[in-house]
Amino acid sequence: MNMIHAIVFIATTLQSIETPKYQILQKYDQFEIRDYGTVITAKTVVNEDFRTSTYTGFRRVANYIFGGNSKEMKIAMTTPVITQIKQNRSEAHVIHFVMPSMYSLETLPKPRLDNVNVGTENLGVMAAMKFGGWATENRSNKFVRILLEELKNNSIVVNGDIRVAQYNGPTTIPPFRKNEILIPVKID
């Protein structure tokens, strides 16, 4: 497979996975303001470092969507996997999968694992900044700092926990990886 075919394959694969819908409220040079509204998520809380929390949380929620639920039902994978960043060492990371839009709370099965919860979540208005490569803790924090500075420079008020959204599986090579920093904001 040559490079062109690989790019087309990767792009087609990414397009076939559902992502949360949002409305773009405003675009800036380095980021945009989006309204995600309310979605249904499966989430888990992990009180470890960023990397361990992301991997552990992913496995727990993946268990739920791959049949580890009351109906042994397979639920389509969505992207991104969203990790809320701890604001201090005493807080835990929260790892979220947004559920496919075809489901409601009534049609989704109950998780078998006690540490996975399914419910509605108001993601609301978020500032979003894209970045490529691996979303390591250090690399993610670099883009968090950039986005926070951009928000400050544009007099936009932060309104909640910072999140890292990762759109690709672990086998996607860095030049093709898509990540975002998502920060809840207040807008007038």
Check residues 126-136 and write down every donor-acceptor pair under 3.5 Å in which the side-chain atom is one partner and the other belongs to a residue at least two apart or another chain.
residue	atom	partner	partner atom	Å
T136	OG1	R139	N	3.1

Just wondering, do [Y] and [X] contact through their side chains at under 4.5 Å, heavy atoms?
X	Y	result
F143	R145	no
I33	I156	yes
E18	P100	yes
L147	E149	no

State whether a side-chain donor-acceptor pair under 3.5 Å links E180 with Y167.
yes

Using only heavy-atom distances, determine whether the side chains of E48 and T56 contain a donor-acceptor pair under 3.5 Å.
no

For residues [X] and [Y], report the shortest heavy-atom separation together with the two atoms involved.
X	Y	result
H93	S53	ND1-OG, 3.1 Å
I95	T54	CG1-CA, 4.2 Å
V185	N159	C-CB, 3.8 Å
V98	P20	CG2-CG, 3.8 Å
L182	A165	CD1-CB, 4.0 Å
S70	R112	N-CG, 4.4 Å

[atom1]/[X] to [atom2]/[Y] distance, rounded to the nearest 0.5 angstrom?
X	Y	atom1	atom2	result
R34	Y22	CZ	OH	3.5 Å
S101	M99	OG	CE	11.5 Å
R177	N168	CZ	CG	5.0 Å
L25	D35	CG	CG	5.5 Å
E91	N47	CD	CG	9.5 Å
N69	K110	CG	NZ	11.0 Å

Sub-3.5 Å donor-acceptor pair from the side chain of [X] to the main-chain atoms of [Y], do we have one?
X	Y	value
T44	G57	no
T107	S104	yes
K74	F66	yes
T120	V39	no

Residues which pass side-chain hydrogen bond (donor to acceptor under 3.5 Å, both in side chains) with [X], listed by chain and number, not counting sequence neighbours:
X	result
T41	E121
D161	Q84
D49	T52

In this structure, are over 12 heavy atoms from other groups packed under 6.0 Å from [X] atom [atom1]?
X	atom1	result
K186	NZ	no
D29	CG	no
D114	CG	no

Should [X] and [Y] be regarded as members of a common hydrophobic cluster, given that ILVMFWY residues are connected when their side-chain heavy atoms come within less than 4.5 Å of each other, either directly or indirectly?
X	Y	value
V81	I85	no
M77	Y64	yes
V164	F176	no
Y36	V118	no
I146	L148	yes

Applying salt bridge (charged side-chain N to carboxylate O under 4.0 Å, His left out) to E150 and not counting sequence neighbours gives none

Decide if the gap between the ring center of F58 and the ring center of F97 is smaller than 6.0 angstrom.
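Yes.
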
I'd like to know whether V116 forms a side chain to side chain contact (heavy atoms under 4.5 Å, CB included) with K43, so could you lay out the CA-CA distance, the side-chain angles of the two residues, the decisive distance to 0.1 Å, and finally the verdict.
CA-CA 6 Å; V116 175; K43 67 182 178 182; over 6 Å; no

Contacts of Y55 that satisfy side chain to side chain contact (heavy atoms under 4.5 Å, CB included) - sequence neighbours left out:
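For Y55, the residues satisfying side chain to side chain contact (heavy atoms under 4.5 Å, CB included) (neighbours in sequence not counted) are R51, R59.
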
Are V61 and H96 close enough, and set up right, to give a side chain to side chain contact (heavy atoms under 4.5 Å, CB included), and what steps lead you there?
CA-CA 8 Å; V61 181; H96 311 254; over 6 Å; no

